[in-house]
Amino acid sequence: NSPGRIFSGLKPTFSKNKSPSFGRFFIKLFMKKPIKIGIFGGMGANASAHFLQLLINQINQNKIPMPEIFLDSIAIDDFINDNSKINPALKVLQNRVRVFNSLKINMAVMTCNTAHILHPHMLSNSNFYFPSLIDLVAKNIKKSNLKKIGLLATSNTIKHNLYQNHFQKSKIKIYYPHSSLQIILETNIRKIIDSSNELDKKLLIKEINNFIKNNQLEGLILGCTELPLLFSKIKYHPSVTIFDSLSILSDSVIKFIEC
């Protein structure tokens with residue numbers, strides 16, 4: 001079977017979850033034990049570890065009782081840039097959903113943008129609140145009222161229209177990196193995944209700032225969870241709004257816990 005067949009007829013980033021506020025209320029109404037948060041991680045591991053630290057910091061800063069946190073750093077073949085490995089990856093992730101179901105997880109998140117190609121398949125088998133990272137970022141962009149947004153992401157995230165699908169009927173326009181920037185971007189993403197210290201951070205930021213200037217961008221999506229490990233903001237364009245997918249995901253967990 002062709003790996004692409006699993007996407008037939010799907011809109012990958014649109015969650016089947018009903019109203020998140022209703023879902024959170026319903027879940028927490030019947031909870032007697034501490035909240036359990038699950039993290040589908042390991043894609044890559046460094047980004048997952050960064051997210052966990054970010055989440056713990058926010059919990060402490062907000063003086064929230066610490067929930068039980070289950071980080072599953074999944075050993076999985078790289079399907080970020082290899083479509084032939086998507087179906088085997090789906091089997092592994094569906095198994096992890098069953099594990100989280102057995103642990104009676106209340107909310108789970110997935111710390112990888114590209115892996116959200118598989119989110120609808122995982123969601124259909126989950127017994128917990130499982131928001132889409134892509135949905136959350138898109139909602140933040142729409143609330144910002146910005147119209148010209150650049151997307152920094154892997155080729156597969158762009159190819160499968162994970163972000164683009166959200167803005168087809170809006171006045172928001174998504175801009176994609178030119179080929180040379182995309183090569184530099186993915187090279188650095190791979191280095192972070194491999195824990196390499198030989199990062200081309202200065203060159204990447206220079207190319208990104210050219211990307212912003214040439215397209216007169218108002219906002220920029222860090223649509224790969226490795227990117228926050230490279231930089232926290234674009235220094236030469238302070239007026240550009242940065243949509244950090246990991247920070248937005250962490251905010252959603254905090255809101256769930258506080259609700």
Side-chain angles (χ1 to χ4, degrees), residues 2-17 20 39-44 47-48 51 74 76 78-87 89-90 93-94 97 108-124 126 130-144 146-178 181-182 185-186 189-190 193 211 217 219-228 241-252:
S2 170
R5 291 184 63 186
I6 65 172
F7 308 117
S8 177
L10 289 176
K11 295 182 179 179
T13 64
F14 290 88
S15 168
K16 293 182 182 178
N17 286 27
I39 304 171
F40 295 106
M43 302 170 282
S48 305
F51 173 77
I74 304 166
I76 195 168
D78 177 22
F79 65 94
I80 292 175
N81 293 305
D82 187 346
N83 282 331
S84 69
K85 296 180 179 179
I86 290 178
N87 279 333
L90 176 59
L93 290 171
Q94 285 179 324
V97 169
V109 294
M110 185 155 54
T111 57
C112 176
N113 284 260
T114 306
H116 277 72
I117 295 169
L118 304 175
H119 181 267
H121 303 277
M122 299 169 66
L123 181 64
S124 65
S126 66
F130 183 22
S132 160
L133 168 58
I134 312 296
D135 288 350
L136 295 170
V137 174
K139 287 177 182 178
N140 271 260
I141 292 171
K142 290 175 181 178
K143 288 179 181 178
S144 74
L146 302 178
K147 303 302 180 186
K148 302 178 74 174
I149 308 294
L151 173 60
L152 301 179
T154 66
S155 296
N156 258 346
T157 294
I158 295 172
K159 177 182 177 182
H160 290 287
N161 298 313
L162 294 185
Y163 281 100
Q164 300 91 309
N165 285 339
H166 281 276
F167 306 109
Q168 289 177 345
K169 296 181 180 180
S170 74
K171 295 181 180 180
I172 298 170
K173 184 175 181 181
I174 302 297
Y175 292 79
Y176 316 111
H178 50 76
L181 172 55
Q182 190 65 34
L185 187 67
E186 299 214 31
I189 289 172
R190 175 53 54 193
I193 291 173
F211 175 49
L217 300 179
L220 195 67
I221 303 170
L222 300 187
C224 175
T225 51
E226 273 71 35
L227 292 179
T241 300
I242 303 300
F243 297 93
D244 180 342
S245 55
L246 275 188
S247 293
I248 291 171
L249 190 63
S250 180
D251 288 344
S252 75

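Atom NZ of Lys173 is surrounded by 12 or fewer heavy atoms from other residues, nucleotides or ligands within 6.0 Å.
Lys139 contributes atom NZ, which lies 7.5 Å from atom NZ of Lys143 (distance to the nearest 0.5 angstrom). In this structure, the separation between CG on Asn140 and CG on Asp251 is 7.5 Å, given to the nearest 0.5 Å. Put simply, CG on Leu227 and OG on Ser245 are 7.5 Å apart, with the number rounded to the nearest 0.5 Å. Summarising the geometry, atom CG belonging to Asn161 is positioned 10.5 Å from atom CD1 belonging to Ile117; distances are rounded to the nearest 0.5 Å. Between atom CG of residue Leu185 and atom SG of residue Cys224 there is a gap of 7.0 Å, rounded to the nearest 0.5 Å. Atom CG of residue Leu123 and atom CE of residue Met110 lie 9.5 Å apart, to the nearest 0.5 angstrom.
His160 and Asn165 form no side-chain donor-acceptor contact under 3.5 Å, judged by distance and modelled atom types alone. Between Asn113 and Thr157, the side chains place no donor N or O within less than 3.5 Å of an acceptor N or O (distance only, hydrogens not considered). No hydrogens or angles considered: a donor-acceptor pair under 3.5 Å links the side chains of Ser48 and Thr111. A donor and an acceptor atom, one from each side chain of Gln168 and Gln164, are nowhere located under 3.5 Å apart.
His121 places no side-chain N or O within 3.5 Å of a backbone atom of Gln94 that could act as its donor or acceptor partner. Proximity of a side-chain donor or acceptor of His116 to a complementary backbone N or O of His119 within less than 3.5 Å is not detected. Here the side chain of Glu226 pairs no donor or acceptor atom with the backbone of Ile193 at under 3.5 angstrom.
Annotation for Pro177 and Leu152: closest pair CG-CD2, 4.0 Å, computed over non-hydrogen atoms. The minimum heavy-atom distance between Val109 and Pro131, with the atom names listed, is CG1-CG, 4.5 Å. Contact between Lys142 and His166 at its shortest, heavy atoms only, is NZ-O, 3.2 Å. Closest non-hydrogen pair, Ile134 versus Leu162, comes out as CG2-O, 3.1 Å. Considering every non-hydrogen atom in both Leu246 and Ala47, the closest pair reads CD1-O, 3.8 Å. Of all heavy-atom pairs between Gly223 and Ala153, the closest is O-CB, 3.6 Å.
Listed by chain and number, the residues in a side-chain contact (heavy atoms from CB on, under 4.5 Å) with Thr241 are Leu146, Phe243 (sequence neighbours excluded). Considering only residues two or more places apart in sequence or on other chains, Phe40 meets the ring-ring contact (aromatic ring centres under 6.0 Å, His included) condition with Phe100, Phe130.
With a 4.5 Å cut-off on side-chain heavy atoms, Leu249 and Thr225 do not count as touching.
Among Leu151, Ile158, Ile172, the single residue meeting the side-chain contact (heavy atoms from CB on, under 4.5 Å) criterion with Tyr163 is Leu151.
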>> With side-chain contact (heavy atoms from CB on, under 4.5 Å) as the criterion, how do Phe51 and Ile39 come out once you've worked through the C-alpha distance, each side chain's angles and the decisive distance to 0.1 Å?
In response: CA-CA 9 Å; Phe51 173 77; Ile39 304 171; 3.8 Å; yes
>> Quick one, Phe211 with Leu220, criterion side-chain contact (heavy atoms from CB on, under 4.5 Å). Give me CA distance, side-chain angles, the key distance, then yes/no.
In response: CA-CA 10 Å; Phe211 175 49; Leu220 195 67; 4.0 Å; yes
